[in-house]
Amino acid sequence: MVQLTDLQKKLLNDFQRNFPLTPQPYAEIATQLGVTEADVLQALQELNARQFISRIGAIIPPNQIGVSTLAAMAVPENELERVATQINQFNEVNHNYERENTLNLWFVIIANDTTHLENIIQSIEVKTGYDVLRFPLEKEFFIDLSFHLDLTNA
Amino acid sequence: MLDALNLKLLAELAEGLPICSRPYAIIGERLNINETEVIERLKQLQNTGLIKRFGVIVKHASIGYKANAMCVWQIPEAQIDKIAQQLVQFSFVTLCYQRPALPEWQYNLYCMIHGKDKKTVLNQLTLLNETCQLQLFNQQVLFSRRCFKQRGAVYSQN
């Protein structure tokens, strides 16, 4: 299917959290896995180039820094590409998905404060010509984007 | 703790940790601080819980998890907490949030399921509905089609 090496599978599954905070993190991972640092770097570069990983980075829960909201729009199919592209031009937007529904465009906006957030939403409405529905987080029950991947057939 | 430098550090990380031998040194160079300070600041951000998780962020869709479903229910306010606590017991539920109901969208409980295909995810959703007795509540499942953007948050520094 996607054809991953055993090393790549381990890198995908076992280092989603607690990534080494040491001067040579990839060398430390290599030691844990019994390979060389160069092997780890090459495997990760390939995973990155093939877009199997988004990045090595930090997950920050919503509203820890600034304010954010989930937002949604109902956009006719033939307008969707244009509208999505316009929304993506805002640096404050970090996720933007088409979903199967009349409300078919769902995106997340992160801003400095509520005024900034409202300004961005209004700019998006003006620029795209469609209304934005706001679904800010009221209560978080669970967020854990680390996730065991079943890669037995990969 | 959230001084301007930490914001810049998180902005650098939003682009991804460089894949090279001394990645924290590279980030330090961009911010005019040394490698040790980058590492210490990241440890501190992690210890205080601001960074919830630091590591490899997988693109589920390209790795064979093609079906990404946002499941929403309309639940009476008084029952939300209890139901949500049940939902998050399932390992395939990766996010669970309460959001405001609007006149044009009266759902207030959201969870995400990532699965290999739609059939698997729909089976998992059935299991949720049966186990937590949610069949009678209004609900929808919204599978993703195109991903137009997925990246780390960029925090502005003004």
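Lettering follows sequence order; numbering is per chain, from 1.
The contact between B/Glu104 and chain A is made entirely by side chain atoms (from C-beta outward), counting heavy-atom distances below 4.5 Å. Of the two parts of B/Cys20, only the backbone, made up of N, CA, C and O, holds a non-hydrogen atom closer than 4.5 Å to a non-hydrogen atom of chain A. For B/Leu109, the part lying near chain A is the side chain, with the backbone staying farther off; criterion is any non-hydrogen pair under 4.5 Å. For a residue to count as touching a neighbouring chain, one of its non-hydrogen atoms must lie under 4.5 Å from one of that chain's; by this rule A/Asp14 does not touch chain B. For B/Asn68, the parts sitting under 4.5 Å from any heavy atom of chain A are the backbone and the side chain alike.
Considering every non-hydrogen atom in both B/Phe54 and A/Gly57, the closest pair reads CD1-O, 3.2 Å. Smallest separation of non-hydrogen atoms from A/Asn18 and B/Gln46: OD1-NE2, 4.4 Å. Heavy-atom minimum distance, B/Lys52 versus A/Arg17: O-NH1, 4.2 Å. Contact record, A/Ile60 with B/Leu50: CG2-O, 3.5 Å, taken as the closest heavy-atom pair. Of all non-hydrogen atoms in A/Pro25 and B/Tyr24, the two that sit nearest each other are CG-CE1, 3.6 Å. Across every non-hydrogen atom of B/Lys149 and A/Asn88, the tightest pair is NZ-O, 2.7 Å.
Atom-to-atom distance recorded for B/Leu142:CG and A/Tyr97:OH is 14.0 Å, nearest 0.5 angstrom. Atom CG of A/Leu21 and atom CD1 of B/Ile51 lie 8.0 Å apart (nearest 0.5 Å). One finds the CZ atom of B/Arg22 at 10.0 Å from the OG1 atom of A/Thr22 (value rounded to the nearest 0.5 Å).
Side-chain heavy atoms closer than 4.5 Å link hydrophobic residues (I, L, V, M, F, W, Y) into clusters, and following such links, even through other members, never connects A/Trp106 to B/Phe148. Transitive grouping of hydrophobic side chains (ILVMFWY, heavy atoms separated by less than 4.5 Å) brings A/Tyr130 and A/Val93 into a common cluster. Each of B/Leu7 and A/Ile120 belongs to its own hydrophobic cluster when Ile, Leu, Val, Met, Phe, Trp and Tyr are linked at side-chain heavy-atom distances under 4.5 angstrom. Under the 4.5 Å side-chain heavy-atom criterion for Ile, Leu, Val, Met, Phe, Trp and Tyr, B/Val58 and A/Phe15 are members of the same hydrophobic cluster. Under the 4.5 Å side-chain heavy-atom criterion for ILVMFWY residues, a single connected hydrophobic cluster contains both B/Ile80 and B/Phe90.
Side-chain contact check for B/Asp81 versus A/Phe141: some heavy-atom pair is nearer than 4.5 Å. Using a 4.5 Å heavy-atom cutoff, the side chains of B/Tyr110 and A/Leu70 are in contact. Side-chain contact check for A/Arg99 versus B/Gln140: every heavy-atom pair is 4.5 Å or farther apart. For the pair A/Phe135 and B/Trp105, the minimum side-chain heavy-atom distance is below 4.5 Å.
Per-residue heavy-atom pair counts under 4.5 Å with chain A were compared for B/Gln85, B/Met112, B/Glu12, B/Lys43, and the maximum is reached by B/Lys43. Chosen from A/Thr85, A/Ile87, A/Asn101, A/Leu44, the residue pairing most often with chain B at heavy-atom distances under 4.5 Å is A/Asn101. Highest contact tally toward chain B, considering only A/Leu80, A/Asn96, A/Val108, A/Leu105, is held by A/Asn96 [criterion: heavy-atom pairs under 4.5 Å]. For the set B/Gly16, B/Ala69, B/Ser21, the entry with the most heavy-atom pairs within less than 4.5 Å of chain A is B/Ser21.
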(request) Could you walk me through whether A/Leu11 and B/Val56 pass the side chain to side chain contact (heavy atoms under 4.5 Å, CB included) test, one step at a time? (result) CA-CA 8 Å; A/Leu11 290 170; B/Val56 174; 5.6 Å; no
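Counting heavy-atom neighbours within 6.0 Å of B/Gln133 CD, excluding the residue itself, gives a total of 12 or less. By the 6.0 Å contact criterion, CD on A/Glu37 is enclosed, its count of non-hydrogen atoms from other residues, nucleotides or ligands being greater than 12.
Formation of a donor-acceptor pair under 3.5 Å by the A/Gln51 side chain with backbone atoms of B/Lys59 is not found in this model.
Remark: A/Glu81 does not engage B/Arg145 in a salt bridge, criterion side-chain N to carboxylate O under 4.0 Å.
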